[in-house]
Protein chains: 2
Amino acid sequence: MKVSELAHSFGTTVDTVRYYTRLKMLNPIKSDNGYKYYPPSEISRFKFILSARQLGFSVSDIQDIIEEASHGKAACPLVRTLIKERLAETEKQFQAMLVLRKNMKDALAQWEIKEDKAPTSTMVCHLIDSFELATDERGSRDK
Amino acid sequence: MKVSELAHSFGTTVDTVRYYTRLKMLNPIKSDNGYKYYPPSEISRFKFILSARQLGFSVSDIQDIIEEASHGKAACPLVRTLIKERLAETEKQFQAMLVLRKNMKDALAQWEIKEDKAPTSTMVCHLIDSFELATDERGSRDK
DNA sequence: TTTAGACCTGTGTCCAAGACACAGGTCAAG
DNA sequence: CTTGACCTGTGTCTTGGACACAGGTCTAAA
């Protein structure tokens, strides 16, 4: 399989395949014409990488996992450790997005009503300047 | 006010102040010693930028808003348009994170039970390879 | 007065995960 | 044989700062 066949058969782009190849996570065979061909083993490795990415592992995580496995060791303990870390990070980002989304929605609602105002020397936009965060009980209590 | 005073008084870092200054969003006064001093007008502009960032505007959005306001025009219509776009993006990311988070939690749960396995030529990690996405009714229906 | 150390300066590089560009080589069909 | 679709390597761009580095400046103590 060549690069674009591989990419398209998994719904990704050639840039993604080339990126992993650059990082030596994929090791295609160079043919006489200079083209890269991906044998079945590399195809399944690509599938593995995509699965791992979908589960929130970073590319660097995946490199570590592959490295571990290449020594014949079971990567499972590492995989379990990593996903806990990534999940914790995701959870944090998720909570942050929850707050952000609420603020944005509140702002949009507040702003639909207010009329336009020209800027002044001290004020770029009265909408943004006057936006009131919905007072967050939890936020003000903890810490 | 000098850079570190400005930064710390709003709970940010000098790098952030310097970044906005590099982009000419802040225009400090250069004193004889080469130091930058931020007059009250720039302080309130910094406050404005931070508020806007907190509402999900990109730095580039904020540049556009400032640009608009600097011509004396009311930036309000632009601001309303932009926040709708950003909110839509945020909503999309939010939904994606929701799915990701669920997959990660499911994976973690599945993997707690399974035992370790050494890799084979075709399998880097059986945990990841064998992970089953909880079948997503909606996902398979739409499109 | 000197000196230490805390602050400041500009400039440059780095991060993640690719996306995009570009100049040129290769292949299959007409 | 030419056209056009595909391939190659290499390099730069993106976001929003964070961090580094070499050197200038300020303040207080010795």
Side-chain angles (χ1 to χ4, degrees), chain A residues 1-39 42 46 48-66 82 85-86 89-90 92-93 96-97 100, chain B residues 1-39 42 46 48-66 82 85-86 89-90 92-93 96-97 100:
Chain A
M1 257 194 175
K2 20 188 180 167
V3 61
S4 66
E5 291 171 345
L6 180 57
H8 299 328
S9 75
F10 288 100
T12 58
T13 69
V14 297
D15 291 302
T16 301
V17 175
R18 298 224 268 221
Y19 179 58
Y20 297 149
T21 305
R22 265 189 236 202
L23 297 182
K24 315 230 168 171
M25 298 167 75
L26 294 177
N27 302 293
I29 296 156
K30 273 202 209 88
S31 101
D32 299 345
N33 55 19
Y35 285 23
K36 285 168 183 142
Y37 287 92
Y38 297 82
E42 297 309 300
F46 186 51
F48 168 76
I49 296 172
L50 293 178
S51 302
R53 290 285 302 130
Q54 200 175 316
L55 281 171
F57 292 97
S58 72
V59 168
S60 154
D61 288 344
I62 299 170
Q63 283 182 305
D64 293 347
I65 293 167
I66 290 175
L82 285 174
E85 289 178 27
R86 298 299 160 248
E89 291 167 11
T90 300
K92 229 176 136 180
Q93 289 174 37
M97 282 204 78
L100 175 62
Chain B
M1 259 194 172
K2 7 186 192 175
V3 60
S4 68
E5 292 172 344
L6 181 58
H8 298 329
S9 74
F10 288 101
T12 56
T13 70
V14 298
D15 291 302
T16 301
V17 175
R18 298 224 267 220
Y19 179 58
Y20 297 149
T21 304
R22 264 187 237 204
L23 298 182
K24 315 232 169 172
M25 299 167 74
L26 293 177
N27 302 292
I29 295 156
K30 271 201 210 91
S31 102
D32 299 346
N33 54 20
Y35 284 24
K36 284 169 183 143
Y37 287 91
Y38 296 81
E42 297 308 301
F46 186 52
F48 168 76
I49 295 172
L50 293 178
S51 301
R53 289 285 301 130
Q54 201 175 312
L55 282 170
F57 292 97
S58 72
V59 169
S60 155
D61 287 345
I62 300 171
Q63 283 181 306
D64 292 346
I65 293 167
I66 290 175
L82 286 174
E85 289 176 27
R86 299 298 159 250
E89 290 166 13
T90 300
K92 227 175 137 180
Q93 288 175 37
M97 282 203 80
L100 175 62

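Below, read A as the first sequence line, B as the second, and so on, with proteins coming before strands; counting in each chain starts at 1.
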Taking only the side-chain nitrogens and oxygens of [X], find out if one of them lies under 4.0 Å from OP1 or OP2 of [N].
| X | N | value |
| --- | --- | --- |
| B:R53 | D:dG17 | yes |
| B:Y20 | D:dG16 | no |
| A:K30 | D:dT8 | no |
| B:T13 | D:dA18 | yes |
| B:Y19 | D:dT15 | no |

Note: for A:S4 and B:K2 on DNA chain D, the residue whose nearest nucleotide lies more 5' is A:S4
Let me know the distance between [atom1] of [X] and [atom2] of [N], rounded to the nearest Å.
| X | N | atom1 | atom2 | answer |
| --- | --- | --- | --- | --- |
| A:Y35 | C:dG25 | OH | C1' | 7 Å |
| A:Q63 | C:dC15 | CD | P | 12 Å |
| A:N33 | C:dC27 | CG | P | 4 Å |
| B:Q54 | D:dG17 | CD | P | 12 Å |
| A:F57 | C:dG18 | CZ | P | 15 Å |
| B:F10 | D:dG17 | CZ | C1' | 18 Å |
| B:D15 | C:dC15 | CG | P | 16 Å |
| A:M25 | C:dA16 | CE | C1' | 13 Å |

Taking for A:S60 and for B:E5 the nucleotide of DNA chain C with the nearest heavy atom, the one nearer the 5' end belongs to B:E5
Residue met sooner reading DNA chain C from 5', once A:G34 and A:T16 are mapped to nucleotides
A:T16
Could you go through A:Y38 and A:F46, starting from their C-alpha distance and side-chain angles, then the distance that decides it, and tell me whether this counts as ring-ring contact (aromatic ring centres under 6.0 Å, His included)?
CA-CA 10 Å; A:Y38 297 82; A:F46 186 51; 7.8 Å; no
Using a strict 4.0 Å threshold on nitrogen-to-oxygen distance, state whether A:R86 and A:E89 make a salt bridge.
yes
Charged N to carboxylate O under 4.0 angstrom, A:E5 versus A:K2?
no
Between D:dG16, C:dA17, D:dG11, spot the one nearest the side chain of A:S58, thanks.
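Shortest atom-to-atom distance from the side chain points to C:dA17.
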Between D:dT12, C:dC8, C:dG10, which one does the side chain of B:V14 approach most closely?
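Nearest listed nucleotide: C:dC8.
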For a quick check, tell me whether the side chain of B:R18 and the base of D:dG16 share a donor-acceptor pair closer than 3.5 Å.
no
If I take atom CZ from residue A:R53 and atom CG from residue B:L100, how far apart are they, to the nearest 0.5 angstrom?
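Spacing of CZ (A:R53) from CG (B:L100) equals 9.5 Å.
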Side chains of B:V17 and B:F10: does their closest heavy-atom pair fall under 4.5 Å?
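With C-beta onward as the side chain, the pair stays apart.
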